[in-house]
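Residues: numbered from 1 along the sequence shown.
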Amino acid sequence: MGNRISRMKLLLFVVIFAIVTAVVGCSDNSTGSEDNNTETNKGGNSEGADNENSEEPIEISTLQPYWGDMPDEDGPLFKKIEEIMNADISPQFVQGPNMMDKVNVTLSSGQLPEILVVFMGNQPSIINAIRAGAFWDVGSYLDDYPNLKGSRDEIRDSNISVDGKVWALYHKDSIAREGFNMREDWLNNLGLEQPKTIDELYNVLKAFTYDDPDQNGKDDTLGLATVLSQNAGNIPAAFKFMISKFGAPNNYKVEDGKFIPDFTTEEYRETMKFFKKLYDEGIMNQDFTYAKLDQVLQMVRNDEAGVWMGNMDQIWDPLFDINPDAKMLAFSDLEGPNYQYAKLGYWSTLMFPKSSVETEEELHKILAGLDRLAAPENKEFRSFGIEGVNYELQNDEHVFIEETTSRTLENLGQIFMTDVEVVYEGKPEYIVKQLKAIQENEEDPGLIGDPSTGIISDTKNKLGNELQTMIGDAVSQYIIGDIDDAGFDQVIEDWRAAGGDQMLKEFEEAYKNK
């Protein structure tokens with residue numbers, strides 16, 4: 001079908017749009033009855049759409065990012081947002097890569113919009129502005145707005161809080177995306193099952209390397225393909241996920257008010273030994289310290305490696321193009337401590353400057369409009385746009401009339417403050433498995449946060465990357481055999497002396513007030 005979304009576009013739509021615009025998931029359970037969804041205590045709306053729109057539209061200026069073509073503020077999608085919010089919106093769009101530079105310039109100028117989109121809302125410049133009194137403490141008002149409140153949770157609120165308060169609405173990002181993508185057909189060829197323990201995982205990786213899992217009679221396969229992750233301080237991409245399976249903390253654990261780094265624990269050391277064994281036995285790629293991400297992913301896509309550990313929502317369509325019989329599993333669980341590490345769980349945020357939103361009444365009107373936009377009855381609009389204009393229903397599936405609609409929704413949807421909705425409609429089997437595994441992680445009772453998230457440390461701001469890289473480099477050196485346990489112990493001491501201990505002290509002091 002000419003206009004039907006391709007598999008890759010469907011995945012991009014779900015992963016990017018569900019994260020960035022974060023549509024309502026399981027909304028019936030989180031927002032109550034339909035009557036409650038149309039009733040707002042403080043926002044100036046009474047029951048029913050007629051009364052909601054009987055007031056004059058509120059004027060709202062925004063500063064928000066876009067990617068690709070400039071959004072059309074005169075188009076039907078934008079007009080529908082204004083209609084639902086009962087607002088006259090004056091947006092200033094900024095190209096995504098330049099957004100935070102523009103935010104910082106705008107903060108300095110003092111000429112702020114009513115709604116300010118901020119990436120990763122606990123950056124130092126934003127925290128300084130919060131402490132200077134620039135923004136509303138939005139968290140204290142959310143009890144009045146069930147649709148906005150229903151999409152929030154304790155871990156994310158803790159991650160974004162500053163000085164114990166929540167100053168922003170946030171777009172939910174997947175809080176635990178990491179896990180295994182594993183060749184299910186290779187398991188079947190070898191008579192193996194999905195591994196349930198670390199020992200079984202090792203046996204699968206070894207068999208994928210040495211037991212001809214593709215049954216072509218050649219020694220041309222590898223168990224694990226990985227690469228160094230710069231975002232994690234140059235440790236292998238799979239390493240941070242695997243230390244959770246051994247039971248190490250999420251970056252730090254707090255005991256008697258003291259912060260204990262993960263790399264000082266025995267569980268972390270056991271993970272290093274596990275990876276060293278994989279490396280020594282040729283079960284993982286020997287070039288992991290200098291390989292590029294695309295090269296490593298290509299090993300899996302080219303039918304050469306059987307397991308990717310890291311973010312599960314990878315695109316494997318090229319693999320199925322060359323091998324239509326290939327099958328891919330996605331899962332995170334192993335028996336044992338088996339924590340799921342909670343990441344930040346949000347990406348962009350909405351903040352409300354006091355210099356432009358001057359009264360509580362104005363704030364309530366804006367929040368009421370956003371709450372209406374987040375209501376369950378607008379879920380289909382947030383996901384697909386306007387029927388007959390942006391999409392058509394064909395065989396109970398949404399088919400975009402124009403391929404650019406998903407990007408337009410992504411750009412305009414920066415003010416969609418709702419829960420994550422996972423859409424399985426029309427997705428290939430392997431993508432459905434990925435999305436379900438990520439959703440299971442979201443709901444996992446073993447989900448644990450990083451106690452340092454949201455804490456401001458001057459030493460971390462100055463030396464954090466350098467300190468993180470010291471440990472990451474040592475992990476790689478340990479895996480390839482350049483240093484032993486004594487050498488790693490020495491690196492820990494060097495880390496402490498280079499500012500690590502000072503950073504921990506600052507964490508501990510700030511943690512008391514978090």
For Lys79 and Glu82, run salt bridge (charged side-chain N to carboxylate O under 4.0 Å, His left out): C-alpha distance rounded to whole Å, both residues' side-chain angles, the deciding distance at 0.1 Å, then the answer.
CA-CA 5 Å; Lys79 295 302 181 185; Glu82 290 185 310; 3.6 Å; yes

Using the rule given for ring pair (Phe, Tyr, Trp, His ring centres under 6.0 Å), can you reason through Phe208 versus Trp186, listing the C-alpha separation, both sets of side-chain angles and the distance that settles it, and then say yes or no?
CA-CA 7 Å; Phe208 278 6; Trp186 284 13; 5.3 Å; yes

What verdict does the side chain to side chain donor-acceptor pair (under 3.5 Å) test give for Asn104 and Ser125, after you've listed the backbone C-alpha separation in whole Å, the side-chain angles of each residue and the deciding distance to 0.1 Å?
CA-CA 7 Å; Asn104 289 327; Ser125 61; 2.8 Å; yes

Could you give me the CA-CA distance, side-chain angles and deciding distance for Lys343 and Glu178, then say whether salt bridge (charged side-chain N to carboxylate O under 4.0 Å, His left out) is met?
CA-CA 10 Å; Lys343 305 297 185 181; Glu178 293 187 321; 3.8 Å; yes

If you apply the rule ring pair (Phe, Tyr, Trp, His ring centres under 6.0 Å), what do you find for Tyr391 with Phe400, and how did you get there?
CA-CA 4 Å; Tyr391 73 91; Phe400 284 130; 7.4 Å; no

Output, in order, the C-alpha distance, side-chain angles, deciding distance and verdict of side chain to side chain contact (heavy atoms under 4.5 Å, CB included) for Gln394 and Glu397.
CA-CA 5 Å; Gln394 298 180 11; Glu397 291 187 5; 5.7 Å; no

Walk me through it: do Asn181 and Leu329 pass the test side chain to side chain contact (heavy atoms under 4.5 Å, CB included)?
CA-CA 6 Å; Asn181 282 174; Leu329 283 175; over 6 Å; no

Could you go through the salt bridge (charged side-chain N to carboxylate O under 4.0 Å, His left out) check for Glu442 and Arg156 one step at a time?
CA-CA 11 Å; Glu442 180 88 22; Arg156 287 180 172 90; 2.7 Å; yes

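Between Val357 and Phe352, the shortest heavy-atom distance links the atoms CG2-CB, 4.5 Å. In plain terms, the two heavy atoms of Asp153 and Tyr170 that are nearest each other are N-OH, 3.3 Å.
Using bins of under 30°, 30° to 60° and over 60° for the plane-to-plane angle, the ring pair Phe93/Tyr66 lands in the perpendicular bin. Between Trp136 and Tyr141, the two ring planes are perpendicular [angle over 60°; tilted spans 30° to 60°]. The aromatic rings of Trp67 and Phe119 lie parallel to each other, with less than 30° between the two planes, well short of the 60° mark.
For the residue pair Asp450/Tyr341, the side-chain donor-acceptor check at 3.5 Å is not satisfied. A donor-acceptor pair shorter than 3.5 Å can be found between the side chains of Asn441 and Ser332. Asn311 and Asp313 form no side-chain donor-acceptor contact under 3.5 Å, judged by distance and modelled atom types alone. For His398 and Glu380, the side-chain atoms include at least one donor-acceptor pair closer than 3.5 Å. In the model, Ser452 has no side-chain atom that pairs as donor or acceptor with a side-chain atom of Asn251 under 3.5 Å. Inspection of the Tyr430 and Asp317 side chains reveals an N or O donor paired with an N or O acceptor under 3.5 Å. At a cut-off of 3.5 Å, with distance as the only test, a side-chain donor of Thr62 or Gln64 sits close to an acceptor on the other residue. Using modelled atom types and a 3.5 Å distance limit, the side chains of Glu114 and Ser61 yield a donor-acceptor pair.
Inter-residue side-chain proximity for Pro376 and Asn147 is flagged as met; some heavy-atom pair is nearer than 4.5 Å. The shortest side-chain heavy-atom distance between Leu63 and Met99 falls under the 4.5 Å cut-off. Looking at Leu224 and Phe288, their side chains never come closer than 4.5 Å, going by heavy atoms from C-beta outward.
Taken to the nearest 0.5 Å, the CD1 atom of Ile175 stands 8.5 Å off from the CG atom of Leu344.
In this structure, Lys433 pairs ionically with Glu184, as a charged nitrogen and a carboxylate oxygen lie closer than 4.0 Å. Remark: Asp163 engages Arg131 in a salt bridge, criterion side-chain N to carboxylate O under 4.0 Å.
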